[in-house]
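No experiment lies behind these values; they were computed from the predicted model shown. By convention in this document, chain letters (A, B, ...) are assigned in the order of the sequence lines, proteins followed by strands, and residues within each chain are numbered from 1.
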Amino acid sequence: MEIKFSEQALTRANKIIARYPQGKQKSALLPLLHLAQSEFDGWLSQAVMDYVASLLTIKPIEVYEVATFYSMYNMKPVGKCLIEVCQTSSCWLRGSEEIVQHIKEKLNIEVGETTSDGMFTLKTVECLGSCGTAPMLQCGANFYENLTTDKVDELIEKLRTNGESSSYLRSLEVNLES
Amino acid sequence: MGRKLLLEHIDVPGIETFEVYRKKGGYASVEKALKTMTPDAVTDEVKRSGMRGRGGAGFPTGMKWSFLDRKSTKPRYMVCNADESEPGTFKDRYLMEKIPHLLIEGMITSSYALGANTSFIYIRGEYMYVLQILEKAIDEAYAKGFLGKNILGTDFSLDLYVHPGAGAYICGEETALLESLEGKRGNPRLKPPFPAIAGLYASPTVVNNVETIAAVVPIVNMGGDEYAKIGIGKSTGTKLISASGHINKPGVYEIELGLPVEEFIFSEEYCGGVWKDRRLKAVVAGGSSVPILPTELILTTAKGEPRLMSYESLSDGGFATGTMLGSGGFIVMDETTDIVKNLYTFARFYHHESCGQCSPCREGTGWMEKILHRLHHGHGKKEDIDILVDVAKKIEGNTICPLGDAAAWPVASAVRHFRKEFEEAVVQESLLVNG
Ligand SMILES: Cc1cc2nc3c(=O)[nH]c(=O)nc-3n(C[C@H](O)[C@H](O)[C@H](O)COP(=O)(O)O)c2cc1C
Ligand code: SF4
Ligand code: FES
């Protein structure tokens with residue numbers, strides 16, 4: 001498969017690149033990697049990273065070293081819905097461990113694993129700035145807060161039918177349209 | 001009721017739109033500054049206000065602005081730090097989500113004062129939906145002539161962009177943020193040179209927190225001297241506090257600096273007391289990086305005076321018996337809290353977030369996590385407690401950026417104030433072994 005942005009994504013990429021001063025196009029790297037991740041199944045393969053390098057006329061290594069530094073870029077395939085549960089202090093104080101345990105049992109996977117149908121991946125993450133509404137999880141661009149095990153059940157059912165939330169950008173577009 | 005300068009209109013329906021925000025007096029500071037004041041006069045008001053940076057370090061904002069190299073022929077940049085990743089802190093998100101135009105107004109007025117014609121808001125990538133809210137508000141501001149060429153018919157022009165990060169606490173450190181904004185790994189830079197001389201693209205740059213920039217709006221509107229009358233002593237103005245943990249009413253509160261800590265925790269106006277009718281055990285008052293304090297020391301200083309929510313009062317007693325206001329991330333723990341486990345969650349966080357450039361931080365945070373994991377799971381040894389403190393001591397002051405210190409302080413303070421719990425964690429193990 002040839003790696004290439006859709007017409008729409010390419011327009012967006014060029015708009016992003018144009019924000020930065022002449023000769024500083026490398027600044028667009030992080031936003032472009034977000035865009036690439038949402039275009040290509042929620043993760044960054046080497047071919048995708050090489051493509052981004054070509055858009056910015058930088059060396060592929062400059063993309064690899066950046067992509068591997070930041071936790072939001074997935075270096076391997078993930079499920080359609082990436083569930084990220086915060087495990088830092090404020091969430092732990094209000095029961096995040098129970099939430100993680102519940103999801104593990106419900107989906108029959110460990111943290112870091114993907115369900116066999118490729119639907120869900122479970123991850124634990126550090127503080128997402130939602131401590132006042134703890135415990136919480138993020139799926140796509142959406143924050144789900146003040147969680148209880150019942151709410152998690154509801155959410156998983158909803159995601160199972162709606163799908164498509166592994167990308168931070170794509171779920172935003174879905175949201176805005178609905 | 002305390003005085004509100006930032007959140008006064010937060011509950012007005014539609015306040016996220018330009019129209020309603022404007023009707024409530026929004027963008028007055030831009031009109032005042034651009035039409036009636038010189039850039040230096042704006043900086044002077046900020047200086048006189050005594051306002052200290054709200055991102056965590058508490059450095060006086062006016063002074064920081066005065067360091068900006070105004071002789072350089074390079075373009076100047078104003079960068080807003082919206083990376084907000086300090087555990088326990090969520091005030092910037094609240095402000096940007098609910099009242100985005102306040103930040104944009106602050107960015108315009110501040111950029112004018114600093115002579116920046118291109119400015120950036122660097123927002124943590126996980127806040128992608130907030131980025132979208134900001135971009136929508138920015139589009140409105142362009143359409144109404146508050147951004148772009150010749151704002152309000154003056155010769156000041158400004159382009160404002162929002163730039164997403166991608167998950168890295170370290171990018172909140174201002175030089176790591178600038179590296180990241182240049183499309184690199186978020187490795188903090190050696191200082192000097194400071195950003196005021198060589199920041200973004202090696203140009204003179206000011207980096208300020210979201211709340212700091214928002215506070216420039218009331219400062220310009222009311223004048224620095226008036227602002228300085230609010231608050232207490234050198235802690236002028238109001239502060240947003242993110243309250244979380246075992247309280248009845250978690251959330252973001254705007255307080256006038258100087259409010260007694262006891263009132264903040266127990267009054268209905270703020271946290272509403274400890275949940276489930278339990279007793280208070282400990283508080284982390286300023287985000288995960290500051291020393292933890294037990295009940296008696298958070299409510300009163302070692303001298304027996306009531307502890308106040310201010311830079312000076314919270315740090316009264318130094319690290320022996322005090323803490324810091326930091327980012328205002330106020331985490332409350334009830335009597336059932338396992339302090340060792342809580343510290344473990346912090347240690348895991350810092351190990352995960354260390355950028356890895358300095359060996360004391362890279363290795364030391366890993367050691368601390370490992371030892372705390374061991375203690376928490378009942379496999380600790382008696383020596384572990386002292387090794388833990390020793391590792392923390394060896395990180396402190398020996399690194400490029402303050403993340404190392406931020407990882408060390410919570411450890412040192414938790415052991416200082418709750419040593420018994422660490423010892424019990426070890427004893428439990430020996431009971432298991434011998435029993
Ligand atoms: C590890 C680390 C993380 C930081 N994270 C943030 C942050 O998320 N937001 C912030 O405003 N400042 C953060 N800071 C402080 C910034 O380096 C800088 O002091 C601040 O943005 C300056 O703004 P102010 O003067 O308006 O407070 C952090 C500092 C360190 C060392
Ligand atoms: S102290 Fe830690 S985070 Fe800061 S530069 Fe050194 S290794 Fe990186
Ligand atoms: S600790 Fe979970 S969102 Fe902050």
Give the member of L32(A), L128(A), T88(A) that has the highest number of heavy-atom pairs under 4.5 Å with chain B. L128(A)

Could you check whether E135(B) pairs with R12(A) (Lys NZ or Arg NE/NH1/NH2 to Asp/Glu carboxylate O, under 4.0 Å)? no

Checked I16(A), L30(A), V63(A), L56(A) vs chain B; the most non-hydrogen pairs under 4.5 Å come from L30(A)

Highest number of heavy-atom pairs under 4.5 Å with chain A among Y169(B), F346(B), Y127(B) belongs to Y127(B)

Please state whether the side chain, the backbone, both or neither of H352(B) comes within less than 4.5 Å of a heavy atom of chain A. side chain

Would S27(A) and Y201(B) count as a side chain to side chain donor-acceptor pair (under 3.5 Å) here? Give the steps. CA-CA 10 Å; S27(A) 273; Y201(B) 311 131; 2.6 Å; yes

Could you tell me which portion of V284(B) (side chain, backbone, both or neither) has an atom closer than 4.5 angstrom to a non-hydrogen atom of chain A? neither

Strictly below 4.0 Å, N to O, side chains only: are R124(B) and E84(B) in salt-bridge contact? no

Option that, when pairs with chain A are counted at under 4.5 Å, heavy atom only, ranks first among M333(B), K249(B), R93(B): R93(B)

Find the distance between CG (L103(B)) and CD1 (I133(B)) and round it off to the nearest 0.5 Å. 12.5 Å

If you take all heavy atoms of A176(B) and G186(B), which pair is closest and at what distance? CB-O, 3.6 Å

Return the OG1 to CG distance between T175(B) and L200(B), rounded to the nearest 0.5 Å. 12.5 Å

Taking atom types as modelled, is there a side-chain donor on S327(B) or E86(B) under 3.5 Å from an acceptor on the other? no

Where is the tightest heavy-atom contact between K276(B) and N248(B), given as atom of each residue plus distance? N-OD1, 4.3 Å

Interface residues of residues 93-105 of chain A facing chain B - non-hydrogen atoms under 4.5 Å apart: L93(A), R94(A), E97(A)

For the interface with chain B, which of C91(A), S90(A), A67(A) has the highest count of heavy-atom pairs at distances below 4.5 Å? S90(A)

Residue from K341(B), K184(B), E353(B) scoring the most non-hydrogen pairs under 4.5 Å with chain A is K341(B)

State whether the side chain of Y51(A) and the backbone N or O of F5(A) hold a donor-acceptor pair below 3.5 Å, judged by distance alone. yes

Closest-packed option against chain A by number of heavy-atom pairs under 4.5 Å, given A168(B), G125(B), G251(B): G125(B)

Side-chain H-bond candidate by donor/acceptor type, Y20(A) with H163(B), under 3.5 Å: yes

Given heavy-atom pairs under 4.5 angstrom as the criterion, report whether the side chain, backbone, both or neither of Q138(A) touches chain B. side chain

Check this for me, if you would: do E182(B) and R189(B) make a salt bridge, where the nitrogen-to-carboxylate-oxygen distance has to be below 4.0 angstrom? yes

Under the salt bridge (Lys or Arg N to Asp or Glu O under 4.0 Å) rule, collect the residues that match up with R362(B), sequence neighbours excluded. none

So which of S244(B), S288(B), S242(B) has the largest heavy-atom pair count under 4.5 angstrom toward chain A? S244(B)

Part of Y350(B) within contact of chain A (heavy atom distance under 4.5 Å): neither

